Amino acid sequence: MTRSAFQLHVITDGIRQVEELKTIVRLAVQGGADVIQLRYKSAPALDLFRLGAEIHPLIQQEGGRLLINDRADVALALDAGGVHLAAKSLPIASARPLFLPEKWIGCSVHSVEEALDAQEQGATYITYGHIFATGSKPGLPPRGLDALRKVVEAVEIPVLAIGGITTDNIEDVLATGAAGIAVISAVMADGDPKRAALALREKMDASAHRPLHELPGGY
């Protein structure tokens, strides 16, 4: 499959058992997901490691990249493609020396100031959101496309948009210069994760827009 400059990251929803997770992950990458971010917030390190060990080979076989949410130690133990950090995680500047240059360190941000700080500390990319209303953030107003565009234009690293993104609004997201999107339920909760990922991938491939800053492709 020839892929566009945009990337599709699928974040696990933290409720799947091993065999179901393996099936969803394999189908999502076959459908066009570039990255699977393993996110189980309450899982002990050993459980997260075991899950990662089960899905990592499947992702690699399909040409994707595995990122571990929050746990730099687990990412290193698995030789994963990198780690995705949040405000309460290990600081980016402390994590960066632990990883080889080709390993990614992502970071979730919620403002231009946080985006600039993540860039200064050495983040490979950042995610910003939530862009549209989403069930995972009930009661919190979405930040919207204008705010996303300001973050994209403020930094010199790739920005992924997250939050309520569908095939109906993805073109507006890509028009901001974002490097792609990150989704959870849009793929994880779909009865056909391959079809769901492929629908998003086809929209990205067909877009006339291009990222302002592009993430490197491949593992």
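Residue numbers start at 1 and run along the sequence shown. In this text the structure is predicted, and so the values were computed from the model without any measurement.
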Exercise for the section: Report yes if some heavy atom in the side chain of R71 is under 4.5 Å from a heavy atom in the side chain of L48; otherwise report no. Expected result: yes

Practice task
Treat each ILVMFWY residue as a node, draw an edge where side-chain heavy atoms are under 4.5 Å apart, and state whether M188 and Y40 are in one component.
Solution key: yes

Practice task
Evaluate side chain to side chain contact (heavy atoms under 4.5 Å, CB included) for I126 paired with V151, printing each intermediate quantity in order.
Solution key: CA-CA 10 Å; I126 56 178; V151 170; 4.0 Å; yes

Problem - Passing candidate, side chain to side chain contact (heavy atoms under 4.5 Å, CB included) with L148, options I162, D172, I131 - result: I131

Practice task
Give, for atom CD of Q30 and atom CZ of R26, the distance between the pair rounded to the nearest 0.5 Å.
Solution key: 6.0 Å

Problem - E214 CD to F6 CZ distance, which is reported to the nearest 0.5 Å - result: 8.5 Å

Practice task
Output yes when R195 and D190 qualify as a salt bridge under the 4.0 Å nitrogen-oxygen rule, no when they do not.
Solution key: yes

Handout entry: same_hphob_cluster(I68, L76) at 4.5 Å side-chain heavy-atom cutoff
Key = no

Problem - Side chains of T166 and F132 in contact at under 4.5 Å (non-hydrogen atoms) - result: no

Problem - Nearest-0.5 Å distance that lies between atom CD1 in I36 and atom OG1 in T12 - result: 8.5 Å

Practice task
Identify the heavy atoms of R16 and D13 that sit nearest to each other, and give their distance.
Solution key: NH2-OD2, 2.8 Å

Handout entry: Interatomic spacing from CG in L160 to CG in D34 - rounded to 0.5 Å
Key = 9.5 Å

Problem - Path from L27 to L8 over hydrophobic side-chain contacts below 4.5 Å - result: no

Problem - Any donor-acceptor N/O pair, D73 side chain to A45 backbone, under 3.5 Å - result: no

Handout entry: Contacts of type side-chain hydrogen bond (donor to acceptor under 3.5 Å, both in side chains), residue D168, not counting sequence neighbours
Key = none

Handout entry: Student check: side-chain heavy atoms of H213 and V159 closer than 4.5 Å
Key = no

Exercise for the section: Walk me through it: do K103 and D79 pass the test salt bridge (charged side-chain N to carboxylate O under 4.0 Å, His left out)? Expected result: CA-CA 9 Å; K103 302 295 187 180; D79 192 27; 3.0 Å; yes

Practice task
Flag the pair D205 and R201 as a salt bridge only when some basic side-chain nitrogen lies within less than 4.0 angstrom of an acidic carboxylate oxygen.
Solution key: yes

Practice task
Specify whether Y125 and H84 have parallel, tilted or perpendicular ring planes, treating 30° as the upper limit for parallel and 60° as the lower limit for perpendicular.
Solution key: tilted

Handout entry: L116 with I105, same ILVMFWY side-chain cluster at under 4.5 Å
Key = no

Problem - Check: E171/S207 side-chain N/O donor and acceptor closer than 3.5 Å - result: yes

Practice task
For R96 and L100, indicate whether the former's side chain and the latter's backbone hold a donor-acceptor pair under 3.5 Å.
Solution key: yes

Practice task
Give a yes or no on whether L85 and L38 share a hydrophobic cluster (residues Ile, Leu, Val, Met, Phe, Trp, Tyr; joining criterion: side-chain heavy atoms under 4.5 Å apart).
Solution key: no

